[in-house]
Amino acid sequence: MQKIRIVHYINQFFAQIGGEEMAHVPPQWREGPVGPGLALAAAFGQTAEIVGTVICGDSYFNEHTSEALPEILDMIKAAGADLLIAGPAFNAGRYGVACGTVAKAAQDELGIKAITGMYVENPGADMFAQDVYIISTRNSAAGMRDAVKKLAPLAQKLVSGEPIGASSEEGYLPRGIRVNLFEKDRGAKRAVEMLVRKLRGQDFTTEYPMPDFDRVAPQPAVKNISRAKVALVTSGGIVPFGNPDRIESSNASRYGRYDLENIMDLTEGKWATAHGGYDPSYANRDADRVLPVDVMREMEIEGKIGSLFRYTYSTVGNGTAVKSSKAFADEFVKELIKENVQAVILTST
Amino acid sequence: MRLELGFIPIHDVQFADTSRVEDGVLYVNAEDIKALVLKDEHISSVEVELARPGESVRITPVKDVVEPRVKVDGPGGMFPGTVSRVKTVGQGRTHVLKGAAVVTTGKIVGFQEGIIDMSGAGAQYTPFSKTQNVVLILRPQDGLSAHEHEVAVRLAGLKAAMYLGELARELVPETIETYETLPLLEGLKQHGDLPRVGYVQMLQSQGLLHDTYVYGVDAKKILPTILYPTEVMDGAIISGNCVSACDKNPTYVHQNNPIVHELYARHGKDFNFCAMIITNENVYLADKVRSSDWTAKLCEFLGLEGVIVSEEGFGNPDTDLMMNSRKISEKGIKAVLLTDEYAGRDGSSQSLADAHVSADAVVSAGNANQVITLPGMDRVIGSEAYVGIIAGGWDKNKMEDGTIMVEIQAITGATSEVGFGYLSAR
């Protein structure tokens, strides 16, 4: 098997050029491993070789990124690297940003694998965790041994294309992508352990950190609803009987656009729900219960609304990924805007 | 309240002329079970099949899974208020055919849900690939309403499990475990120095095939209430739901509620496990507000310092989970939540339909949208005709070579939110 060719990126401090007073040094190339590269090389053993090391001062990189980055990429490319390892940067902020920037550029522009390591609070972690695998390290170089232990196996998997496990298994910082794993203890046991730790005031790690929830503020009221064109949109899965678009009963991958022209009432046997998340009996008997076409028609006739828009959009909201829902809406909202729809009644279940 | 569970291990299941248990083998007379089930005029036919761990067998759709148990001492009988006469259970002695299960299948009402693979890639996701399964294939009479159909199929599984459980009545258990919860004040005297802990179980109650029954009462119609945790071991709570089978609790899981068992394992050492509170997950906002108010109120009234809250289902009930989290936390009580995730097939979407800052201690049972390829099986009990329309399936997900692609949400018990399994996500 061919050895993996690694280029290692480090700063002036880890290259033992100097501390803050030498942070202005521009990029330079050294053959073989330097400083922490020696421990890395040992961890890889015979499977990989650090062919060279790029060194750059942290101030220089951050103040002259547009010059430093292409120069560094050229060095990595010239060395014929399969893999770029940057840092680890621990809690050094500018170094972290440099490691993240170089690693992401190596992936995006050179098309090679890249990995780095940082303390979770390093500003570079927030900036790059979604783009680059960042090994979670301690907050100082005292954590070098631990970091190298996790870095080398994950780097090998990246290069070989083996499946990457969950962040807690591999030791990288969560990337905002949820990955399944089998734990040693069943969920109930883990919950009890977490409760005991919480009661005692000990550290514990939640398995699902709450996201910044996307709450949408309602629009101001429509000024003159009696003249507005109103559309009906639903995540309640109302579809023509037989579900012609084959919308899934859960985690829908599509939505339907259905013509309501001349339809005064959604009747049994002609309309039904495709939704798998609630008792369908009542919606199947009278789909207006979820998508109130009958009432909208009455209001149209009474002049309470201007008109009901000709088409309705329907999907199944049951376990459907928010990302999919957003994509559906991005698409059909264009037609609603184009057709001068002024208000949408969005029914859920 | 004190209950002894006597375990009789079962490591094989076979058909025989006489139903009995011998040397860890469960012998089943299929005709007896058929006769029993057909006493219900709503059932037109029933077949019995066996499925053992490691076999090339798929059971789908799955309505419920039930553990054979029998009450040998103490008041009441199994599944009180549903099959046995209503009577408070949870004390005395109960015998368990450990390792055996009754599985119900057949065309189920509107939805066809749930897959149990006894071998292959799917087997590790369902706990019922490890049990010796007696499978009932049930057909209802024509013209039954959906709700009547659901009742008939539900009762057939429970009755068959009771019939098999009865075989354990006179047997000598290999092991006996004792579980005891004292009345609140006595418990405080005995464990006064330990933190007071409770378990809040949220029961699925969103309607047909999304219901749960407590002593025969539809959980939609309960107000949150208190149980001795041993009551569930005698079948106080039974399942009437199976849609999105990954995170619904079959009756088997209620009988063996793992949170109850894990709390008992550390009771008297790390905390005082005082009580179990059950609440529901109705679809109306007023019900959600009322039930979460009552749940927090009961936690406060019992003087609890910490609780585990388990969800059942996803989406709409995520709002109940967050209301419970917020209101319990506002009482100054520490909570750990147990849920699963719907983060999309690529894992990059928001996992729950709601969030709250108080939910800072969450155990995840995994991302139910993960796609898995299941191999074709030599034998299918039930029918594969529905794998394209079950929750977690999609149109044309069955390949020409017989393999099936589904999200793990289609697999019975894959992301159990009472933490029955080992799956998680990060």
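No experiment lies behind these values; they were computed from the predicted model shown. Worth knowing before you read on, the calculation uses all heavy atoms, side chains too, and leaves out hydrogens, waters and symmetry mates. Note on naming: letters A, B, ... go to the chains in the order of the sequence lines (proteins, then strands), and numbering restarts at 1 for each one.
The CD atom of A/Glu193 sits 8.0 Å away from atom CG of B/Asp270, with the distance rounded to the nearest 0.5 Å. Taking NZ of A/Lys323 as the start and OG of B/Ser348 as the end, the distance is 2.5 Å to the nearest 0.5 Å. How far CZ of B/Phe420 is from CZ of A/Arg186: 6.5 Å, rounded to the nearest 0.5 Å. Taken to the nearest 0.5 Å, the CG atom of B/Leu194 stands 11.0 Å off from the CG atom of A/Leu199. In this structure, the separation between OG on A/Ser249 and CD on B/Glu113 is 6.0 Å, given to the nearest 0.5 Å. For the atom pair A/Arg190 CZ and B/Leu338 CG, the distance stands at 7.5 Å (nearest 0.5 Å).
Taking every heavy atom of both residues into account, A/Phe204 and B/Asp360 meet most closely at CE1-O, 3.4 Å. Here the closest heavy-atom approach between residue A/Leu195 and residue B/Ile308 is recorded as CD2-CG1, 3.8 Å. Taking every heavy atom of both residues into account, B/Tyr422 and A/Asp185 meet most closely at CD2-C, 3.5 Å. Residues B/Ser364 and A/Glu207 come closest through the heavy atom pair N-OE1, 2.8 Å. Between B/Gln350 and A/Pro211, the closest heavy-atom pair is CG-CG, 4.2 Å. For the pair A/Thr349 and B/Asn316, the tightest heavy-atom approach, listed with the atom from each and the gap, is O-ND2, 4.0 Å.
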- Message: Between B/Phe314 and A/Asn318, does the side chain to side chain contact (heavy atoms under 4.5 Å, CB included) criterion hold? Intermediate values first, please.
- Response: CA-CA 8 Å; B/Phe314 60 92; A/Asn318 184 27; 3.1 Å; yes
- How far apart are the C-alpha atoms of A/Ser253 and B/Trp394, what are their side-chain angles, what is the distance that settles it, and do they pass the side chain to side chain contact (heavy atoms under 4.5 Å, CB included) test? CA-CA 9 Å; A/Ser253 67; B/Trp394 57 89; over 6 Å; no
- Item | A/Val192/B/Phe271 under side chain to side chain contact (heavy atoms under 4.5 Å, CB included): CA gap, chis, key distance, verdict | CA-CA 10 Å; A/Val192 173; B/Phe271 46 74; 3.8 Å; yes
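The backbone N or O of A/Asn180 lies less than 3.5 Å from no partner atom in the side chain of B/Asn367, so there is not a single donor-acceptor pair. Between the A/Lys198 side chain and the B/Ala335 main chain, a donor and an acceptor come within less than 3.5 Å of each other. Between the side chain of A/Ser167 and the backbone N or O of B/Arg426 there is no donor-acceptor pair closer than 3.5 Å. No donor-acceptor pair under 3.5 Å is formed between the side chain of A/Ser250 and the backbone N or O of B/Gly392.
In A/Glu121, the CD atom is not crowded: 12 or fewer heavy atoms of neighbouring residues, nucleotides or ligands sit closer than 6.0 Å. Residue A/Asp259 qualifies as enclosed at atom CG: its count of foreign heavy atoms under 6.0 Å is above 12. In the displayed structure, B/Lys288 atom NZ is contacted under 6.0 Å by more than 12 heavy atoms of other residues, nucleotides or ligands. Enclosure of atom NZ in A/Lys184 is not indicated, since only 12 or fewer non-hydrogen atoms of other residues, nucleotides or ligands lie within 6.0 angstrom.
When the candidates A/Ala321, A/Ala166, A/Ala191 are compared by the number of heavy-atom contacts under 4.5 Å with chain B, A/Ala191 comes out ahead. The most heavy-atom pairs under 4.5 Å with chain A, out of B/Glu417, B/Arg266, B/Glu407, B/His356, come from B/Arg266. In terms of heavy-atom pairs under 4.5 Å with chain A, the best-connected choice from B/Ser351, B/Pro195, B/Gly344 is B/Ser351. Comparing B/Ser244, B/Ala353, B/Ala265 by how many heavy-atom pairs each has under 4.5 Å with chain A, the most go to B/Ala353. Among B/His261, B/Arg345, B/Lys396, B/Gln409, the residue making the largest number of heavy-atom pairs under 4.5 Å with chain A is B/Gln409. By number of non-hydrogen pairs under 4.5 angstrom with chain A, the leading residue of B/Ala359, B/Ala343, B/Gly315 is B/Ala359. Considering only heavy-atom pairs separated by less than 4.5 Å from chain A, the leading option among B/Val283, B/Val307, B/Val260, B/Thr339 is B/Val307.
Only the side chain of B/Ile408 has a heavy atom closer than 4.5 Å to any heavy atom of chain A. In this structure, no portion of A/Arg197 lies under 4.5 Å from any heavy atom of chain B. The contact between B/Asp354 and chain A is made by backbone and side chain atoms together, counting heavy-atom distances below 4.5 Å. Within the 4.5 angstrom heavy-atom criterion, only side-chain atoms of A/Val196, from C-beta onward, approach chain B. Contact of B/Glu341 with chain A is made through the side chain alone, with heavy-atom distances under 4.5 Å. For chain A, the nearby parts of B/Asp346 are the backbone and the side chain; heavy atoms of each come within less than 4.5 Å.
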